[in-house]
Number of protein chains: 2
Amino acid sequence: MEGDLADSAPFAAPAAVAELEDGAALTPKFDADGLITAVATDAKSGDVLMVAHMNAQALAKTITTGEAWYFSRSRNALWKKGETSGHTQRVVEMRIDCDQDAVWMKVEQVAGACHTGRRSCFYRAVPLGTSEGQLRAAKLEFRDARTFDPKAAYGKTK
Amino acid sequence: MEGDLADSAPFAAPAAVAELEDGAALTPKFDADGLITAVATDAKSGDVLMVAHMNAQALAKTITTGEAWYFSRSRNALWKKGETSGHTQRVVEMRIDCDQDAVWMKVEQVAGACHTGRRSCFYRAVPLGTSEGQLRAAKLEFRDARTFDPKAAYGKTK
């Protein structure tokens with residue numbers, strides 16, 4: 001773990017809506033918990049690999065290093081993707097959305113993004129057209145098989 | 001606006017981690033505000049169009065109707081995408097992630113997803129490799145032009 005950005009608020013403050021949406025200034029709008037949403041897609045296939053959060057430090061480290069950093073809400077900690085598993089994400093392109101509270105990154109993903117051993121965290125499909133009364137019994141369909149052994153990747157000592 | 005799902009909790013409750021991640025039961029894990037994150041990508045290009053939130057009703061309506069519904073945090077209201085603009089999203093496929101707190105939808109987007117007039121909300125790129133000291137002065141690069149007139153789309157009376 002590293003959490004040592006010199007400035008804990010390295011970004012300019014959000015502007016009024018017109019500037020936020022149509023200006024060229026990077027002014028990320030962090031929520032009450034200090035977070036924005038981050039979506040990582042596979043730079044080759046376009047598949048969504050994972051959705052997670054970034055605080056200001058994680059966003060700053062991602063921009064400055066070109067490798068994806070996130071903030072874990074459950075562990076309350078800054079986290080470099082691949083820190084334990086080696087499954088890092090090199091950021092090919094980063095986009096920010098209209099109101100600057102979400103980023104989309106196209107990444108080169110080593111091995112797989114998901115801690116369960118799949119390339120993407122989104123390995124199950126939801127059956128569309130299910131009737132309202134059947135939602136509680138809806139069955140997910142597995143679409144992606146495991147591509148690596150999560151115990152080998154995450155169980156090892158750093 | 002519609003907000004009239006008969007059952008306000010139409011989904012089964014989240015299970016323990018093993019079942020949540022490796023089971024076939026749809027048990028979405030809503031956060032303290034009753035929301036999950038929803039990412040919509042263009043079914044053809046793979047581009048991320050928007051990131052928003054769904055409450056249980058929005059998720060249920062999306063699954064049952066095959067058209068995207070969201071929950072607006074700012075307006076505190078259930079919201080059908082395209083309700084005002086006509087720029088609806090037909091859901092081609094929906095995936096749910098490992099811990100069932102985010103969904104990814106591949107959609108057929110009418111016109112554009114962004115209220116600013118672009119196809120995607122992610123029309124600006126963040127300059128990677130910017131040094132820490134320059135983050136406050138970082139300039140976004142516009143990558144996508146407007147494809148429709150937002151005043152014509154959103155200004156009209158329903």
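Proteins come first, then strands; the chains are lettered A, B, ... in the order of their sequence lines, and each starts at number 1.
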Open item on the list: With a 4.5 Å cut-off on side-chain heavy atoms, are B:M105 and B:T41 touching?
Closed with: no
- [ ] Could you check which of A:K139, A:R143, A:R124 has the highest count of heavy-atom pairs closer than 4.5 Å to chain B?
- [x] A:R124
- [ ] Please state whether the rings of B:F148 and B:H87 are parallel, tilted or perpendicular, taking 30° and 60° as the class boundaries.
- [x] perpendicular
Open item on the list: At a 4.5 Å cut-off on heavy atoms, which part of A:T130 comes close to chain B: side chain, backbone, both, or neither?
Closed with: both
TODO: Could you label the plane-to-plane angle of the A:Y70 and A:W79 rings as parallel, tilted or perpendicular, counting under 30° as parallel and over 60° as perpendicular?
DONE: tilted
- [ ] Pick one of side chain, backbone, both or neither for B:D101, based on which atoms fall under 4.5 Å of a heavy atom in chain A.
- [x] side chain
Task: Leading residue by heavy atom contact count with chain A [cutoff under 4.5 Å; candidates B:I96, B:L59, B:V51, B:T27] - done: B:I96
- [ ] Heavy atoms only, distances under 4.5 angstrom: which of B:A25, B:P127, B:A13 has the most pairs with chain A? Name it, please.
- [x] B:A25
- [ ] Answer whether the closest heavy-atom distance between the side chains of B:L78 and B:Q57 falls below 4.5 Å.
- [x] yes
Task: When A:A138, A:A24, A:S131, A:A12 are compared by non-hydrogen pairs under 4.5 Å with chain B, the top option - done: A:A24
TODO: Pick whichever of A:K106, A:E141, A:Q134, A:H115 has the most heavy-atom pairs under 4.5 Å with chain B.
DONE: A:H115
TODO: Measure the spacing between CZ of B:R118 and CZ of B:F142 and express it to the nearest 0.5 Å.
DONE: 6.0 Å
TODO: Identify which part of A:V39 has an atom lying under 4.5 Å from any heavy atom of chain B, answering side chain, backbone, both or neither.
DONE: side chain
Task: chain B contact via A:T65 - side chain, backbone, both or neither, heavy atoms under 4.5 Å - done: neither
Open item on the list: Taking side chain as everything from C-beta outward and backbone as N, CA, C, O, which of these in A:V17 sits under 4.5 Å from a heavy atom of chain B? Side chain, backbone, both or neither.
Closed with: neither
Open item on the list: I need the residue from B:G66, B:G46, B:G129 with the largest number of non-hydrogen atom pairs under 4.5 Å to chain A.
Closed with: B:G129
Task: Contact leader toward chain A among B:C114, B:S120, B:G23, where contacts are heavy-atom pairs under 4.5 Å - done: B:G23
Task: Residue, of B:T37, B:D99, B:D47, that accumulates the most heavy atom pairs under 4.5 Å with chain A - done: B:D47
TODO: Let me know which of A:Q89, A:R119, A:E108 forms a side-chain contact (heavy atoms from CB on, under 4.5 Å) with A:D42.
DONE: A:R119
